[in-house]
Amino acid sequence: MSSASDFYSYDPASGHPLAHDPIKSFIAPRPIGWMSTVAADGTRNLAPFSFFTMLAASPALLGFASNGRSDSLANAEATGEFTWNLVPRELAEVMNETSAVVPPAVDEFELAGVDSLPSEVVRPDRVAASPVSIECVVTQIVPLLDRDGASAGSWFVIGQAVRVHVARATVRDGVYDITAANPVMRAGGPSAYYGLAADTRFDLRRPGM
Ligand SMILES: Cc1cc2nc3c(=O)[nH]c(=O)nc-3n(C[C@H](O)[C@H](O)[C@H](O)COP(=O)(O)O)c2cc1C
């Protein structure tokens with residue numbers, strides 16, 4: 001790939017030249033934010049978001065983008081809290097069930113048969129079988145804009161970690177072992193591609209570190 005004619009070049013705002021829109025596959029695989037929230041009336045909610053990432057380490061900030069007004073967004077706005085849960089391979093199918101578009105009154109923990117544990121600092125429960133969960137307090141909800149300054153119809157919810165739960169089984173000689181946690185990664189694709197972070201692990205030290 002060395003000349004311009006070797007590429008499809010296009011403005012994604014105007015469509016794409018492929019059989020399937022690849023935009024969600026380029027920046028991939030992405031970790032999944034399996035977000036637990038509660039509504040103001042205490043109704044529990046659980047939903048996956050792959051527009052999700054770690055933003056800062058100290059203080060630890062993490063965020064997810066809601067494309068459209070999801071119940072998770074509404075709950076984060078109303079209560080200022082969320083709990084992130086890691087999705088290990090064995091929970092991928094259950095996680096997928098919690099992405100069903102259902103009315104706000106539906107508790108997706110119950111819908112998908114997900115066992116929970118109470119959080120310690122915030123109200124949203126955590127997923128009992130997740131090897132890692134992080135309780136967060138919302139710090140910002142950023143309405144995303146297009147280049148004309150118009151609403152992009154998406155909101156980026158950022159929270160600060162206030163309590164971390166990491167399964168002892170994922171810690172080897174004092175080091176957290178991603179291979180033991182085995183998180184599922186989302187990679188777009190026409191048939192909903194997933195991958196495993198642990199499959200592709202290799203080590204590369206930064207210069208001078
Ligand atoms: C793996 C996966 C990743 C998803 N990522 C996102 C995302 O990043 N943003 C989004 O708005 N919806 C995403 N969805 C869809 C939401 O999970 C879905 O709309 C869900 O119904 C939202 O639930 P809620 O209204 O209870 O918050 C994803 C679904 C799956 C299965």
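As the structure lists them, so they are numbered: ligands from 1, and atoms in each ligand from 1.
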* Asn45 heavy atoms, cut-off 4.0 Å: which ligand 1 atoms fall inside? -> 24 (P), 26 (O), 27 (O)

* To do: Look at atom 2 (C) of ligand 1 and find which of Ser70, Ala187, Pro48 reaches it with the closest heavy atom.
  => Pro48

* Asked: Can you tell me which residue and heavy atom of the protein come closest to atom 11 (O) of ligand 1, and the distance to 0.1 Å?
  -> Asn67 N, 2.7 Å

* When the ring planes of Phe49 and Phe64 are compared, do they come out parallel, tilted or perpendicular, using 30° and 60° as the limits? -> tilted

* Report yes or no: does Glu108 have a heavy atom closer than 4.0 Å to ligand 1? => yes

* Asked: Which atoms of ligand 1 have any heavy atom of Asn96 under 4.0 Å away?
  -> 31 (C)

* **Which of the ligand 1 atoms, numbered from 1, are nearer than 4.0 Å to a heavy atom of Ser66** => 11 (O)

* Quick one: nearest non-hydrogen protein atom to atom 23 (O) of ligand 1, plus distance? -> Ala47 CB, 3.2 Å

* Nearest-0.5 Å distance, CG of residue Leu62 to CZ of residue Phe82 -> 5.0 Å

* Nearest-contact summary for atom 27 (O) of ligand 1 - protein heavy atom, Å -> Ser72 OG, 2.6 Å

* From the options Gly33, Ala65, Ser50, select the one whose nearest heavy atom is closest to atom 3 (C) of ligand 1. => Ser50

* Asked: Do Arg126 and Ser133 get their side chains close enough for a donor-acceptor pair, meaning under 3.5 Å?
  -> no

* Before giving the answer on side-chain contact (heavy atoms from CB on, under 4.5 Å), spell out for Val38 and Thr43 the whole-Å C-alpha distance, their side-chain angles and the decisive distance to 0.1 Å. => CA-CA 5 Å; Val38 291; Thr43 304; over 6 Å; no

* Atoms of ligand 1 close to Arg186 [distance to a heavy atom under 4.0 angstrom, numbered from 1] -> 1 (C)

* When you look for heavy atoms under 4.0 Å from ligand 1, do you find them on the side chain of Leu46, its backbone, both, or neither? -> neither

* Asked: For atom 20 (C) of ligand 1, which protein heavy atom lies nearest, and how many Å away is it?
  -> Ser99 O, 3.4 Å

* Can we say Glu135 and Arg123 salt-bridge, meaning some charged N sits less than 4.0 Å from an Asp/Glu carboxylate O? -> no

* To do: Please report which non-hydrogen protein atom sits nearest to atom 1 (C) of ligand 1, along with the residue it belongs to and the distance in Å to one decimal place.
  => Tyr194 OH, 3.2 Å

* Based purely on interatomic distance, does Asp71 place a nitrogen or oxygen under 3.5 Å from a nitrogen or oxygen of ligand 1? -> yes

* **Residue, atom name and distance, where the atom is the protein heavy atom closest to atom 8 (O) of ligand 1** => Phe51 N, 2.8 Å

* Asked: Is it true that a side-chain atom of Thr139 and a backbone atom of Ile158 form a donor plus acceptor pair closer than 3.5 Å?
  -> yes

* Asked: Is there a donor-acceptor contact under 3.5 Å linking the side chains of Ser154 and Asn67?
  -> yes

* Asked: How about Trp34 and Thr98: does a side-chain donor come under 3.5 Å of a side-chain acceptor?
  -> yes

* Please answer whether the main-chain N or O of Tyr194 pairs with a side-chain N or O of Arg186 as donor and acceptor at a distance below 3.5 Å. => no

* Identify the heavy atoms of Glu108 and Ala100 that sit nearest to each other, and give their distance. => OE2-O, 4.5 Å

* Mode of Ala100 contact toward ligand 1 - side chain, backbone, both, neither (heavy atoms, under 4.0 Å) -> backbone

